[in-house]
Amino acid sequence: MSSIGRSSAVLASGTLVSRILGFAKAWLLLQAIGALSFAGNAYATSTIVPNSIYAIIAQGILNAILVPQIVRASVHADGGKAYINKLVTLGILIFAAVALVATLLSPVLMQLFGLRGAPAELATMFAYWSLPQIFFLGLYTLLGEVLNARKSFGPFTWAPVVNNVVAIAMLIIFIVAFGADPYGHRSPVWTPTMVAILAGGATLGVAVQALILFFFWKRIGLRFRFDFRWRGVNLGHAGKAAGWTFAMLLATQAAGLIETNVANSAGPGFAGPLLMNNAWLIFMLPHGIIAVSIVTAFYTRMAEHAHANDVASFRTDFSSAARSILLLITFCSAALIVVAFPLARIFTPDYQPLGFILIGYLVGLVPFSLVFMSQRAFYSLGDTRTPFYFTLAQVAVIVVGVLLCFMVAPDFRAAAIALVVSIAGGIQAIIAVSLLRRRIGGVDGRRIASGLWRFLVAAAVSMVAGAGVMLLLGGVSDGAFPVSGFLAAVISIALAGVVMLAVYVGALVLLRSSDLKTGLAPLTKRLSRRSEHTDDAE
């Protein structure tokens, strides 16, 4: 297996374990506080705030500039060690300052996200415990991207596993101490101890996730020391690149602020931020396992080709990564749409609101992953300005569309918001790929398009087959077998998934998809080697 293949496998396996544990954590949370409860949207809103601020100051900025900057700094006499220590020192100070200010402003921030009265008061109590996550999320990304730039991909991907284990343990403690409440009947009065265990336990998991990465620096020959001498290491170039990414993320978070306000406007008893968060968690499972793993493995190599001005190799990398992603993501989107309601039933007895929200998001899974690939391509070219422009188009569509969702009935308002996000993502994907094509003189578009239409046709056929399986099992109306309970939902998902996968692969074989053979090559080679070993043993 190639180095890219090995890196992708390590990333995918770590992401898979983390996502599975993430599902367990989300399931436990809904059992602890209920899907449509008084506390549900208050807690979800308090966690949106740190994730939003973190995205603005850390995630996108560091993803955009850190890997290319460290690759360039590696030519220094010390291999870039001084640059890394200076950058990490600066990042720690910024994250700490923002976390402190945000925590002190918790009451104001909760008001900004559309909560008033008792829900705002409870959300503020949660936020005092949740907002310190800003510091640890920033530190985690900072330390992890340094490891990725040095081609040590495993720790960054596996650290969230530890986070989820800690968070799951704290949720179990909460349920044991205060009881489960899957239908949201608990009194709206929450004690400080309840808040500390629920929100503080989540923050403890994030802290462990970040701090554990320090132990892996020694393996790549690094040792962190605070270094405040920032002159002479070209941090100004990094700052300029960060400026465009900061503006882009500020725009997306402004759109997110509007989304949360409109979602909270439905009021208690209706789907809001909590169910939207859970739907997004499911949506991100295939994206994280497939797209993020593949792109992260290609990202450093693309940055190296960009630095060497090797456009042909850069284009080849983009085409290979895009086709590999689309082959798998297209099927995942189709399969999850078909099993959306049984999947929602696994999480909560109030499965219909979550199922509709999930479908709304999944419509945009393919373009979402394509945008992610395009963004990383621009970042590896050292261009953070262009992603800002095509993100503005997405934000404009989201803002207009989400505001129109005020006209949608409260029962379906959150699902309508999810669909608007998907539509905006589709428009963004078209613009992003077009701009990248212009920038590098082509993206192997014919080959990508040739693969994509085959994937879409095969996915449509597999959806018909999967829907047939669900109908044979009784459908998804109240009382039907696929949504009658946890075990029934799992069985229904498994049966439909197996049938859909077989039909999808079979359809691609009939359509003579060359990408299918390429995508399955690592698996067929491994099976061939195992067969040879078995024959030799006999």
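We number each residue from 1, following the sequence as shown.
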*Asks:* So which atom in I33 and which in G40 form the shortest heavy-atom distance, rounded to 0.1 Å?
*Replies:*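 Heavy atoms only, the tightest pair is CD1-CA, 3.9 Å.
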
*Asks:* Can you find a pair of side-chain heavy atoms, one from L211 and one from L139, that are under 4.5 Å apart?
*Replies:*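 SC-SC contact between L211 and L139 confirmed.
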
*Asks:* Examine distances only and state if a side-chain atom of T141 and a backbone atom of L137 form a donor-acceptor pair shorter than 3.5 Å.
*Replies:*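 Yes, because the side chain of T141 sits within donor-acceptor range (under 3.5 Å) of the backbone of L137.
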
*Asks:* Does the T203 side chain pair with the main chain of W129, one donor and one acceptor, at a distance under 3.5 Å?
*Replies:*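 Here the side-chain-to-backbone pair exists.
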
*Asks:* Side chains of Y504 and T330: does their closest heavy-atom pair fall under 4.5 Å?
*Replies:*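 Touching, per the 4.5 Å side-chain cut-off.
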
*Asks:* Applying side-chain contact (heavy atoms from CB on, under 4.5 Å), run through W280 and M276 and close with a yes or a no.
*Replies:* CA-CA 6 Å; W280 191 255; M276 292 176 72; over 6 Å; no

*Asks:* Taking CH2 in W190 as the centre, count heavy atoms belonging to other residues, nucleotides or ligands within less than 6.0 Å. Is the count above 12?
*Replies:*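 For W190, atom CH2 is crowded (more than 12 foreign heavy atoms under 6.0 Å).
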
*Asks:* Could you point out which residue of Q209, K25, R19 forms a side chain to side chain donor-acceptor pair (under 3.5 Å) with N164?
*Replies:*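 Of the listed residues Q209, K25, R19, the side chain to side chain donor-acceptor pair (under 3.5 Å) partner of N164 is K25.
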
*Asks:* So, the side chain of S106 versus the backbone of T103: is there a donor-acceptor pair under 3.5 Å, distance only?
*Replies:*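 Yes; judged by distance alone, with no hydrogens or angles, the pair exists.
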
*Asks:* Do Y43 and L198 have side chains that approach each other closer than 4.5 Å (heavy atoms only, starting at C-beta)?
*Replies:*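 Yes, close enough: below the 4.5 Å cut-off.
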
*Asks:* Could you give the distance from CG (L142) to CD1 (I94), rounded to the nearest 0.5 Å?
*Replies:*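 Rounded to the nearest 0.5 Å, the CG-CD1 separation comes to 9.5 Å.
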
*Asks:* Start with the C-alpha gap between I423 and L419, add the side-chain angles, then the distance that decides, and say whether side-chain contact (heavy atoms from CB on, under 4.5 Å) holds.
*Replies:* CA-CA 6 Å; I423 293 170; L419 183 60; 4.2 Å; yes

*Asks:* Pick one: which of F486, F341, W27, F23 meets ring-ring contact (aromatic ring centres under 6.0 Å, His included) with F347?
*Replies:*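 Among F486, F341, W27, F23, the one that satisfies the ring-ring contact (aromatic ring centres under 6.0 Å, His included) with F347 is F23.
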
*Asks:* Kindly give the heavy-atom pair with the smallest separation between F135 and I92, and that separation in Å.
*Replies:*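 Here F135 and I92 meet closest at CE1-O, 3.7 Å.
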
*Asks:* With heavy-atom distances below 4.5 Å as the criterion, would you say the side chains of L274 and L30 are in contact?
*Replies:*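 In contact.
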
*Asks:* If you compare all heavy atoms of A42 against all heavy atoms of A123, which two are closest, and at what distance to 0.1 Å?
*Replies:*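 Scanning both residues completely, I find the closest heavy atoms to be O-CB, 3.5 Å.
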
*Asks:* Rounded to the nearest 0.5 Å, what's the gap from CG on L326 to CE on M373? Could you check?
*Replies:*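 One gets 10.0 Å once the value is rounded to the nearest 0.5 Å.
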
*Asks:* Please work out which of the three classes, parallel, tilted or perpendicular, describes the rings of F178 and F174, given edges at 30° and 60°.
*Replies:*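 Correct class here is tilted.
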
*Asks:* Identify the heavy atoms of A210 and L143 that sit nearest to each other, and give their distance.
*Replies:*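 What the structure gives for the nearest pair is O-CD1, 3.6 Å.
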
*Asks:* Taking distance alone, no hydrogens or angles, what donor-acceptor pairs closer than 3.5 Å link side-chain atoms of residues 349-367 to residues at least two apart or in another chain?
*Replies:*
unit_1, atom_1, unit_2, atom_2, d
Y351, OH, V476, O, 2.9
Y351, OH, D478, N, 3.4
Y351, OH, D478, OD1, 3.0

*Asks:* Which pair of heavy atoms, one from Y140 and one from P160, lies closest together, and at what distance?
*Replies:*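 The pair with the smallest heavy-atom distance is OH-CG, 3.4 Å.
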
*Asks:* Got a donor-acceptor contact below 3.5 angstrom from the S130 side chain to the F126 backbone?
*Replies:*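 Yes, the answer is positive, given that a donor and an acceptor are paired below the 3.5 Å cut-off.
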
*Asks:* Show the nearest heavy-atom pair for residues I431 and A393, with the distance to one decimal.
*Replies:*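 Heavy atoms only, the tightest pair is CD1-CB, 3.6 Å.
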
*Asks:* Do N264 and T260 touch side chain to side chain, with heavy atoms closer than 4.5 Å?
*Replies:*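 A side-chain contact under 4.5 Å exists here.
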
*Asks:* Starting at CG of L28, measure out to CD1 of I175 and round the result to the nearest 0.5 Å.
*Replies:*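 The CG atom of L28 sits 5.0 Å away from the CD1 atom of I175.
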
*Asks:* I'd like to check V208 versus N163 (side-chain heavy atoms, cut-off strictly below 4.5 Å). Are they in contact?
*Replies:*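 No, side chains not in contact.
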
*Asks:* Is there a side-chain contact (heavy atoms from CB on, under 4.5 Å) between V469 and M500? Walk through the geometry before answering.
*Replies:* CA-CA 9 Å; V469 172; M500 290 185 71; over 6 Å; no

*Asks:* Do S18 and W158 make a side-chain contact, defined as non-hydrogen atoms from C-beta onward lying under 4.5 Å apart?
*Replies:*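 Side chain of S18 against side chain of W158, heavy atoms only: no contact under 4.5 Å found.
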
*Asks:* Please examine the side chains of L501 and S462, heavy atoms only from C-beta on, and report whether any two atoms are closer than 4.5 Å.
*Replies:*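 They are not in contact (no side-chain heavy atoms under 4.5 Å apart), so the answer is no.
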
*Asks:* If I take atom CD1 from residue I168 and atom CD1 from residue I173, how far apart are they, to the nearest 0.5 angstrom?
*Replies:*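 The CD1 atom of I168 sits 12.5 Å away from the CD1 atom of I173.
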
*Asks:* Given side-chain contact (heavy atoms from CB on, under 4.5 Å), test L36 with L275 step by step and report yes or no.
*Replies:* CA-CA 8 Å; L36 303 176; L275 288 187; 3.8 Å; yes

*Asks:* Taking atom OH of Y183 as the centre, report whether more than 12 heavy atoms of other residues, nucleotides or ligands fall under 6.0 Å from it.
*Replies:*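 No, OH of Y183 has 12 or fewer neighbouring heavy atoms, counting only those of other groups under 6.0 Å.
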
*Asks:* Roughly how far, to the nearest 0.5 Å, is CE of M170 from CG of L204?
*Replies:*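 Going from the CG atom of L204 to the CE atom of M170 covers 6.5 Å.
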
*Asks:* State which residues pass side chain to side chain contact (heavy atoms under 4.5 Å, CB included) with L328; sequence neighbours excluded, sorted by chain then number.
*Replies:*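 Partners of L328 by the side chain to side chain contact (heavy atoms under 4.5 Å, CB included) criterion, ordered by chain and then number, come out as I290.
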
*Asks:* First locate atom OG of S46, then atom CE of M125, and finally report the distance between them rounded to the nearest 0.5 Å.
*Replies:*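 Interatomic distance, S46 OG to M125 CE, rounded to 0.5 Å: 11.0 Å.
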
